[in-house]
Amino acid sequence: MTLMELLALLRRGFRLIAVAVAAGALLGAAWAQATPTTYAATATLGVVPHSGQGPRGESGPAGPVGDHMQTFSAAASTAQVLLPVKQQLGLEESVPQLRQRVRVRVPAAATLLEITATAPDADSAVALADATAGSLSGAIGKLVPGTGSQPGVSTVTLQQGADAVVHEGASLPLFTVAGAAFGLVAGVLAVRAREAAANRRDLESRVAGAARNGALG
């Protein structure tokens, strides 16, 4: 179909196509509104070795600290870390339920822990990310033995949850436009089908008329 043919079709079936576009836009907006909205906040901890715990001569990407990064990441999902978070924030969720809303990422060849928490609103996501980072920070100091009373590593807060909040949900404008586009396509197809059916009926009527005329003759 050429552009001119499409424009002619739009003119002929304007009313039906307009209804289809409006219906598609409304359905897209309704879908976006019905989709649960989630916010994700990310707090970042840097793990710092104390004196004598440096990377020199070690196998990991950052010496003994690098060797322990996956252990630190896994610790974030334990009751030892999450139970204090639950109590601090006064959450009614169980630890297994809370575990589903917290994830930790360790960037490659880095001694960083990116703690991401999700929640229905931004403030709750920020609070959960920061509380988990704080609780994990306390646990990390106990996981690597140091010398005397000094732990082997310590942590530094490089980013708080409020500094990295992302909206994870359906975009109302995007879904509305997508719905309208779908309605446009559906409307055009409906008009083409309607016109094809009308042409077929007209052809059948002409054939039947010619047959009658032939029989009479």
Please give me the minimum heavy-atom distance between [X] and [Y], naming the atom from each residue.
| X | Y | value |
| --- | --- | --- |
| A125 | T118 | CB-C, 4.4 Å |
| A122 | V165 | CB-CG1, 4.0 Å |
| A129 | A41 | CB-O, 3.5 Å |
| G161 | D130 | N-OD1, 2.7 Å |
| P84 | A79 | CD-O, 3.7 Å |
| Q97 | S94 | OE1-N, 2.9 Å |

Under a 4.5 Å cut-off applied to non-hydrogen side-chain atoms, are [X] and [Y] in contact?
| X | Y | value |
| --- | --- | --- |
| V104 | T116 | no |
| F72 | V47 | yes |
| L112 | V106 | no |
| I17 | L189 | no |
| V153 | I140 | yes |
| T37 | H167 | yes |

Electrostatic pair E93-R101, nearest N-O below 4.0 angstrom:
yes
What I want to find out is whether R12 reaches E195 closely enough, with some N-O distance under 4.0 Å, to be called a salt bridge.
yes
Could you measure the distance from the [atom1] atom of [X] to the [atom2] atom of [Y]? Nearest 0.5 Å is fine.
| X | Y | atom1 | atom2 | answer |
| --- | --- | --- | --- | --- |
| R103 | S77 | CZ | OG | 14.0 Å |
| Q160 | T44 | CD | OG1 | 10.5 Å |
| L128 | L91 | CG | CG | 7.0 Å |
| L158 | E114 | CG | CD | 10.0 Å |

Dump the intermediate steps for side-chain contact (heavy atoms from CB on, under 4.5 Å) on L98 and L83, then the final yes or no.
CA-CA 9 Å; L98 195 57; L83 190 56; over 6 Å; no
Is it the case that S124 and D121 place a side-chain donor and acceptor less than 3.5 Å from each other?
yes
Is there a chain of hydrophobic side chains (I, L, V, M, F, W, Y, each step under 4.5 Å between heavy atoms) that links L27 to V21?
no
L136 and its side chain to side chain contact (heavy atoms under 4.5 Å, CB included) partner, picked from T155, T78, L113, V85:
L113
Test S137 against every option in L45, T132, V156, V81 by the side chain to side chain contact (heavy atoms under 4.5 Å, CB included) rule and name the one that passes.
L45
Quick one: does Q159's side chain have a donor or acceptor within less than 3.5 Å of a partner on T42's backbone?
yes
